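In what follows, chains are A, B, ... by sequence order, proteins preceding strands, each numbered from 1. Everything numeric in this text was worked out from a predicted model, so none of it was measured.
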Number of protein chains: 2
Amino acid sequence: MRLAELSEQSGVSIATIKYYLRERLLPPGRRVTATQAEYDEAHLRRLRLVRAMIQVGGMPVATAREVLAHIDDESLGLTMRLGAATWALPQPPEAPLDDAASTDARQEVERLLEELGWDSVREVGDLSPVYRSLITSIATLNGLGYTVSAAELLPYARQMEQIAIHDMDQLENLPEGTEQVEAAVAAQVLYDPLLLSLRRLALEAETTRRYGMA
Amino acid sequence: MRLAELSEQSGVSIATIKYYLRERLLPPGRRVTATQAEYDEAHLRRLRLVRAMIQVGGMPVATAREVLAHIDDESLGLTMRLGAATWALPQPPEAPLDDAASTDARQEVERLLEELGWDSVREVGDLSPVYRSLITSIATLNGLGYTVSAAELLPYARQMEQIAIHDMDQLENLPEGTEQVEAAVAAQVLYDPLLLSLRRLALEAETTRRYGMA
DNA sequence: ATGATTGGATAGTGCCACTCTCCATTGAAG
DNA sequence: CTTCAATGGAGAGTGGCACTATCCAATCAT
């Protein structure tokens, strides 16, 4: 497959594909001559994932690159690659974590995790980025005058737990290989906006159920 | 309260506040003299909401302005104001909705809503933006080669339904007034990132629960 | 042989959330 | 009363980012 065909099949412009190659979001094609390269199905699949991460997931290019690097890290087992890829996901800027607001927020999260029995997450030496970004979000909200307590988060966390269990069940049904990791990352990233849309839709349905139509 | 004090209290720079005033995200202060204006608690509260929508919710300024316009629309009842504000929320670009991919996506969503019994959402003449953006997301994913079926979405939707019920219960405990609408919008917008963080964290916990630590 | 196409490099574009600079007015200190 | 820093307002400028347009030499198809 040549660049032009890759572009057609994916619906991504040639210029953009070149940009992704430059940014190492897409591995270079197999060089055939000095001026031509050959691409295959894996490139197409990867390109779709990249588009999805950036366009649907709203992820910055740098983050997408990190996630992909973990997916491709042959030195890790599949489970770890998935974990590492998820590990690299969060987009919020890493905050200091040592000011007063963050300390409060962290205590609140600790309380929440204890309540939930998610002890494994706390026992890791380095705080996972997800953990950190949760703390940052809460600290930010607190700073803006919106207090967020463990008690308020608990019901949300319980629902997310159900979803995580469902996700893992789904994941175990996939064939092994890089494809599995890609699919898992895709599911994590791409379902986020769907989840939020569903939340809004559910709220709409519930509102009219309680108060009737406009 | 002068501009400088508003800036200090909120932690938002004077230049940025001026920008928000210009963009009509913040109502002008009460003019005291030709060159000075007075701001109050409502301004501070509004400013915090704006910051939260933009910074935490990642919302574009134009969208934030629309949402605020609905919050302030005195001609609507509280429930409607909340609905209208939520109505204006989605950020994904409105897609055509009439191509083949969208038709498929729409059918899938119809199927899902029927299954869930969220009939009210479908019965509205104009499709709600949330509904539209859900269809668009699914169509995009389909176009990228990730098929999303009603069956796959169902478990997620059920969890979101629980969250929506919880949200409505919380909402009914708030005192009435513009504050209530603001708080409701804040909850909708600001809890989104928290929800996603919690999802990731839950997945991490579930992964180590099943496969042990790294 | 020759014109079109390819991959690669570089510079430019458009958007957007700010941020800087300037200005006339005005409140406060001496 | 005088002087000087501060205020609110308006327009232009900045920086980041995801592309995109332009070139160019090599090479493929005819």
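In this entry the distance linking OH of B:Tyr20 with P of C:dC16 reads 15 Å, nearest Å. One atom, CD of B:Glu23, and another, P of C:dC18, lie 10 Å apart when rounded to the nearest Å. Remark: C1' of D:dA29 and CZ of A:Arg2 are 11 Å apart, rounded to the nearest angstrom. Rounding to whole angstrom units, CG of residue B:Leu25 and C1' of C:dC16 are separated by 13 Å. For A:His43 and C:dG7, the NE2 to P distance is 11 Å, given to the nearest whole Å. To the nearest angstrom, C1' of C:dG7 lies 13 Å from CD of A:Glu38. Rounded to whole Å, the distance from CE on A:Met59 to C1' on D:dC19 is 18 Å. When the C1' atom of C:dT5 is taken as reference, atom CD of A:Glu8 falls 14 Å away, rounded to whole Å.
Taking side-chain N and O atoms only, B:Tyr19 has no distance below 4.0 Å to OP1 or OP2 of C:dC16. At D:dC28, one or more side-chain N or O atoms of A:Thr33 fall inside 4.0 Å of OP1 or OP2 (strictly under the cut-off). Dashed line: the shortest gap from a side-chain N or O of A:Arg31 to OP1 or OP2 of C:dG8 is under 4.0 Å. Phosphate proximity of D:dC19 to A:Arg51: present, with a side-chain N or O under 4.0 Å from OP1 or OP2.
Mapped onto DNA chain D by nearest heavy atom, A:Val32 and B:Leu3 fall at different nucleotides, with B:Leu3 at the one closer to the 5' end. Map A:Gln36 and A:Ser13 each onto its nearest nucleotide of DNA chain D; the residue landing nearer the 5' end is A:Ser13.
Using a 4.0 Å cut-off between charged side-chain N and carboxylate O, B:Glu110 and B:Arg106 make a salt bridge. Between A:Arg199 and B:Asp192 there is a salt bridge, with a side-chain nitrogen of the basic residue lying less than 4.0 Å from a carboxylate oxygen of the acidic one.
Nucleic acid contact class of A:Ala15 (heavy atoms, under 4.0 Å, all strands): base. Using a 4.0 Å heavy-atom distance criterion, A:Ile54 is classed as a sugar-phosphate-only contact.
If you check distances only, the side chain of B:Arg22 does reach the base of D:dG11 with a donor-acceptor pair under 3.5 Å.
Looking at the side chain of A:Ala4, the nearest of the listed nucleotides C:dC18, C:dT6, C:dG8 is C:dT6.
For the side-chain hydrogen bond (donor to acceptor under 3.5 Å, both in side chains) test, residues two or more places apart in sequence or in another chain that qualify with B:Glu38 are B:Arg2.
Checked by atom type, the side-chain pair B:Trp118/B:Glu161 shows a donor-acceptor distance below 3.5 Å.
A 4.5 Å side-chain heavy-atom check between B:Thr140 and A:Arg51 finds every atom pair outside the cut-off.
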